[in-house]
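For reference, the structure is listed below as structure tokens.
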2 protein chains.
Amino acid sequence: MPKTRPVVSVENVVASASVEQKMDLNEITRTFPNVEYHPDQFPGLVFRLTTPKTATLIFTSGKMVCTGSKSEKMARLAVKTVVDRLRAGGIKVERDAIVEIQNIVASINLGGRIHLEQAARTLPRSMYEPEQFPGLIHRMLDPKTVILLFSSGKLVCTGAKKEPDVFRSVNNLHAMLEEKDLMLYS
Amino acid sequence: MPKTRPVVSVENVVASASVEQKMDLNEITRTFPNVEYHPDQFPGLVFRLTTPKTATLIFTSGKMVCTGSKSEKMARLAVKTVVDRLRAGGIKVERDAIVEIQNIVASINLGGRIHLEQAARTLPRSMYEPEQFPGLIHRMLDPKTVILLFSSGKLVCTGAKKEPDVFRSVNNLHAMLEEKDLMLYS
DNA sequence: TATCTTTATAAATCGCTATATAAATACTGA
DNA sequence: TCAGTATTTATATAGCGATTTATAAAGATA
């Protein structure tokens, strides 16, 4: 049995948003010289914030993608801040953005080593090709997430749309690893 | 002043050798299926030993290059073992190999951190381009060796032909670093 | 209709970067 | 033709940039 509880840390939250109006990216580029906009390379403009430390992609459609937040709440705050900044810079933005969380990435430490070779044989929906990537890739059905397992006992959980789903995924997997005796605590 | 003595470890010894006679590398390949011989790629045959864990290149000229030993003595033993193995396999080898040590590589831990930026400015014959390689490359004149310095306080000394030269090189450099106050002990 | 572009993020591993050194080939450049 | 460079082997050191996963957005390309 485990000596420690899994230590979970949300590392990145991806949110999509929309202000429901056309945006003039060239105008934004002129008012905010620090943004990155290379339409030949990618259609989105990159708007970075220091706090919360995020990068928000803004498209001509008024849709946005915000990445880098450490929580759902911070992602919403980041989008709000971007819109406020645009307005403060004289860019007309009629309504506040509607934000939807699209992906939550978390790192986890189970506190013991995982026998990956064995796990690859016993865990369903697993992919393990150590010469290609050192982690075992496991697709969980409920919640629908993907977990990368490393021999060190550390995990990466991605694909969750709600924070509780990260915890449920980790608990499900941890129980499974315990049950099948795939963990080694030292 | 240093709290610890440098910890020196010889990591690799390269020796050249010769049995002073032509060798039939195809014959060796037939008798020892585990050797590697791809004349289109490289003219030398690779003969590996488990103890001492080494790789010896054998050329048609009868000359050899032995790498991987942890000491001068082990390098000589490795070459002797290769020749004995050849003879045991029915390969005629008239005389014992004449061995010459060509290079000794050692890793060193000074036990304190090195201020590389500063060292690059004060040490003569130094090259430091961190974006290309994280170590500072210092060419020592006497003994004629090359020392790689890392911020961690670890070194790599290469180019020595005698083990005492490794120690002399390390002591010279250590004294120099102390003198110019480039070390930080914590 | 796919896949690529870009952004962020963790995990751990590989292959580069650089150093010396011998050997014997092939190759390129003046 | 001659001088360089590349090939291969081992070895420590330590940075960097892939590798993989999910996810949205809007263009381009196939």
Side-chain angles (χ1 to χ4, degrees), chain A residues 9-18 36 38-44 46 48 53-61 63-70 100-108 127 130-135 137 145-152 154-161, chain B residues 9-18 36 38-44 46 48 53-61 63-70 100 102-108 127 129-135 137 145-152 154-161:
Chain A
S9 172
V10 172
E11 304 288 353
N12 184 28
V13 172
V14 180
S16 60
S18 179
E36 291 164 38
H38 309 288
D40 51 312
Q41 196 184 20
F42 187 69
V46 184
R48 287 170 204 280
K53 189 180 159 289
T54 50
T56 298
L57 309 179
I58 305 177
F59 300 87
T60 53
S61 61
K63 292 190 178 181
M64 307 179 180
V65 172
C66 174
T67 66
S69 290
K70 298 293 185 192
E100 258 186 285
I101 303 301
Q102 297 292 350
N103 184 27
I104 297 175
V105 183
S107 64
I108 298 95
M127 262 180 52
E131 82 293 349
Q132 197 191 4
F133 186 69
I137 300 152
T145 56
V146 171
I147 302 179
L148 311 182
L149 295 82
F150 299 89
S151 57
S152 62
K154 294 190 178 181
L155 314 173
V156 170
C157 174
T158 183
K161 293 210 184 296
Chain B
S9 171
V10 172
E11 303 289 354
N12 183 28
V13 172
V14 181
S16 61
S18 178
E36 291 165 37
H38 308 289
D40 51 311
Q41 197 185 17
F42 187 69
V46 183
R48 287 170 203 281
K53 189 178 159 290
T54 51
T56 298
L57 309 179
I58 305 176
F59 299 88
T60 54
S61 62
K63 291 189 177 182
M64 307 177 178
V65 171
C66 174
T67 67
S69 291
K70 297 294 185 192
E100 258 187 285
Q102 298 291 351
N103 184 28
I104 297 176
V105 183
S107 63
I108 298 93
M127 264 180 53
E129 291 174 53
E131 81 294 348
Q132 196 191 6
F133 186 70
I137 300 152
T145 55
V146 171
I147 302 180
L148 311 183
L149 297 80
F150 299 89
S151 57
S152 63
K154 295 191 179 181
L155 314 172
V156 169
C157 175
T158 184
K161 293 210 185 294

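Owing to the predicted nature of the structure, the values given are computational and were not obtained by experimental measurement. Numbers restart at 1 for each chain; the letters A, B, ... are given by sequence-line order, proteins then strands.
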Could you write out each protein N or O paired with an N or O of nucleotides 27-30 of chain D at a distance under 3.5 Å?
from	atom 1	to	atom 2	distance (Å)
D:dG27	OP1	A:Thr60	OG1	3.2

What's the closest nucleotide to the side chain of [X] if the choices are [options]?
X	options	answer
A:Asn12	D:dA10, D:dA25, C:dT9	C:dT9
B:Arg48	C:dA23, D:dA10, D:dT11	D:dA10
B:Val65	D:dT23, D:dT20, C:dA22	C:dA22

Whole angstroms only, please: what is the [atom1]-[atom2] distance between [X] and [N]?
X	N	atom1	atom2	result
A:Asn103	D:dA22	CG	P	9 Å
B:Ile58	D:dT8	CD1	P	18 Å
A:Phe59	D:dA26	CZ	P	7 Å
B:Leu149	C:dA18	CG	P	18 Å
B:Ile104	C:dA20	CD1	C1'	11 Å
B:Met64	C:dT21	CE	P	22 Å
B:Ile147	D:dT11	CD1	C1'	16 Å
B:Ile137	C:dA18	CD1	P	8 Å

So, the side chain of [X] versus the backbone of [Y]: is there a donor-acceptor pair under 3.5 Å, distance only?
X	Y	value
A:Lys161	A:Gln102	yes
A:Asn103	A:Gly159	yes
B:Lys70	B:Glu11	yes
A:Asn12	A:Gly68	yes

Do [X] and [Y] have side chains that approach each other closer than 4.5 Å (heavy atoms only, starting at C-beta)?
X	Y	answer
A:Thr67	A:Thr54	no
A:Val105	A:Val10	no
A:Val65	A:Val14	yes

Identify the heavy atoms of B:Val46 and B:Ala55 that sit nearest to each other, and give their distance.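 Looks like CG1-CB, 4.3 Å.
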Using every non-hydrogen atom in the two residues, find where A:Cys157 and A:Ile108 come nearest and quote the distance to one decimal.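 Heavy atoms only, the tightest pair is CB-CD1, 3.8 Å.
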Using only heavy-atom distances, determine whether the side chains of B:Ser16 and B:Glu100 contain a donor-acceptor pair under 3.5 Å.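 Side-chain D/A pair, B:Ser16 to B:Glu100: absent.
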Need the bend value for the helix from C:dT1-D:dA30 to C:dA30-D:dT1: angle between end axes, 5 pairs each end, nearest 10°.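 Between the axes fitted at each end of the helix from C:dT1-D:dA30 to C:dA30-D:dT1 lies an angle of 130°.
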Identify the pairs formed between an N or O of the protein and an N or O of nucleotides 12-19 of chain D at a distance under 3.5 Å, and give each distance.
from	atom 1	to	atom 2	distance (Å)
D:dA14	OP1	B:Ser152	OG	2.3

Under a 4.0 Å threshold between the charged nitrogen and the carboxylate oxygen, would B:Arg48 count as salt-bridged to B:Glu36?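 Salt bridge present between B:Glu36 and B:Arg48.
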Closest-nucleotide ordering on DNA chain C, the 5'-leading residue of B:Ala17 and B:Gly159: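 In this pair, the answer is B:Gly159.
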If you look at every strand shown and take non-hydrogen atoms under 4.0 Å, does B:Val14 touch a base, only sugar-phosphate, or nothing?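 If one applies the 4.0 Å heavy-atom cut-off, B:Val14 turns out to touch a base.
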Measuring to OP1 and OP2 of D:dT11, would you say a side-chain N or O of B:Lys53 lies under 4.0 angstrom away?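 Answer is yes, contact under 4.0 Å.
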From A:Leu148 CG over to A:Ser107 OG, what is the distance, rounded to the nearest 0.5 angstrom?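 OG of A:Ser107 is found 11.5 Å from CG of A:Leu148.
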